[in-house]
Amino acid sequence: MTNSRISGFYNMTLDERRAQLADAGHLTPENLLPFTTGGLSADAADHMIENVIGLYSLPLGIALNFQVNGKDVLVPMTIEEPSVVAGASFMAKLARAGGGFQARTSEPHMIGQMQVLDLANVHLAQLSLLEHREDLLAEADSVDPVLKKFGGGARNLEVRVINDSPIGPFLVVHLIYDVRDAMGANAVNTACERLAPMVEGITGGRVHLRILSNLADHRLARARCTIPVEELAFSAQSESETREFTGEKVRDGIIEAWAFAASDPYRAATHNKGIMNGVDAVVIATGNDWRAIEAGAHAYAARSGKYTSLSNWGKDKDGNLVGTLEMPMAVGIVGGATKVHPAAQAAVKLMNVTTASELAAIIVSVGLAQNMAALRALATEGIQRGHMSLHARQVAIAAGATGELIEKVAGQMVVEKVVRIDRAEEILKEMKTS
Ligand code: MEV
């Protein structure tokens, strides 16, 4: 059974962290190998996209303390930004005190769209399609026997009339398709291709585009957590003073910060970006299509006609902080890069997930934790303080520091409160000559 609380993980060396995961039985040394090597060979990459000349690496860290639906999980996160993994881990620890994250998903239903043009009468065509619903679904259902064997296939047909388009009225057919544990783009696109001639025959129109929609609002993931108010209290030490933050103050600060995002699209974009810091990092680690997840998230955030926060923060009757997040989550654990990329496979194995739904539940929980990490920092000490030392390390590396000089140069910049490449270069020069 996984224990996601590993004390001192942060202070271990890379080798010690790997050994810790292997010793605790989370991954075998072979499973860990893709993380050590970066996972993907140039040959494998050459088969994935066009004109390959090499590989591009990103850091992979493990977020600790996560408990999702009562189960501990170690969460792999691929991201270049400092503070994200630490922020998620810290918030997961606070959430743990309130029972961790409860997360659910809807059925894995994707939407395939067909645009039907050149119709004499859109309303007549709409009804004709609905009258042939069963035939159309039967045809779409026969497209992918493997998916059908696993319980997937065509589920529903919706027909929308678009009146206010620049080219006049047309129809949009939505094929609702259960893709089970796949991300589903290929299955849905193939099914739409197959249905197009039938749709043309029934309507007398012309099917133009046939492609899935990334606004996967029939494939949602929802997470909630309750943070006991006393867990939120902390004191912040600076050189000149100690500031005390009571649990109530932090809780109310987080709710006020959320209210800003709920009512202002300029703030909502940044707020949701904070959620996506967590979401994307796990999506990338598992070889899923993060552009699809991004597109779905932001379109969903604008579904009322006004772009707003994807999450909600408030308090319960006992005064504890309560957070919820609902968003489309079209991720898979079969097919695509998830199967081709050895590090993605190892990431899925580390989380011990056997269905796409379990993966989606973890990802939406990480999104909620990440959101809380950002709001807590912004509503109390400000984001820069936490960011400063990690950012300083990156600046030190960019200035050419290596080995133990990275920490030394970064530390000096933090003390001086000047984290700039020119200063890092100067300090590095001084340290090298002294
Ligand atoms: C930075 O990557 C993310 C934040 O800007 C999110 C937010 O403002 O809520 C800190």
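Both ligands and their constituent atoms are indexed starting at 1 by order of listing. A quick note: this is a predicted structure, and the numbers were derived from the prediction, not measured.
At a threshold of 4.0 Å, the pair E430-R423 counts as salt-bridged, since one of the basic side-chain nitrogens sits closer than that to a carboxylate oxygen. R251 and E231 are not joined by a salt bridge, as no carboxylate oxygen comes within less than 4.0 angstrom of a charged side-chain nitrogen. The residues R393 and E407 are annotated as salt-bridged, a charged nitrogen and a carboxylate oxygen being separated by less than 4.0 angstrom. Checked for salt-bridge contact, E425 and K432 miss the test: no charged N lies under 4.0 Å from a carboxylate O. A salt bridge does not link E426 to K429: none of the charged nitrogens lies less than 4.0 Å from a carboxylate oxygen.
Less than 4.0 angstrom separates some heavy atom of T270 from each of these atoms of ligand 1: 5 (O), 6 (C), 7 (C), 8 (O), 9 (O). Counting atoms of ligand 1 from 1 in the listed order, those under 4.0 Å from a heavy atom of H271 are 9 (O). Of all atoms in ligand 1, listed by their number and element, those nearer than 4.0 Å to a heavy atom of L378 are 7 (C), 8 (O), 9 (O). In the vicinity of E81, heavy-atom distances shorter than 4.0 Å reach the ligand 1 atoms 1 (C), 2 (O). Of all the atoms in ligand 1, the ones that sit under 4.0 Å from a non-hydrogen atom of K273 are 1 (C), 2 (O). Close contacts of ligand 1 with A374, meaning ligand atoms under 4.0 Å from a residue heavy atom, involve 6 (C), 7 (C), 9 (O), 10 (C). Counting atoms of ligand 1 from 1 in the listed order, those under 4.0 Å from a heavy atom of R267 are 7 (C), 8 (O), 9 (O).
Contacts between N277 and ligand 1 below 4.0 angstrom, taking non-hydrogen atoms only, involve the side chain exclusively.
Side-chain contact between R224 and F101: absent, with no pair of heavy atoms (C-beta onward) separated by less than 4.5 Å.
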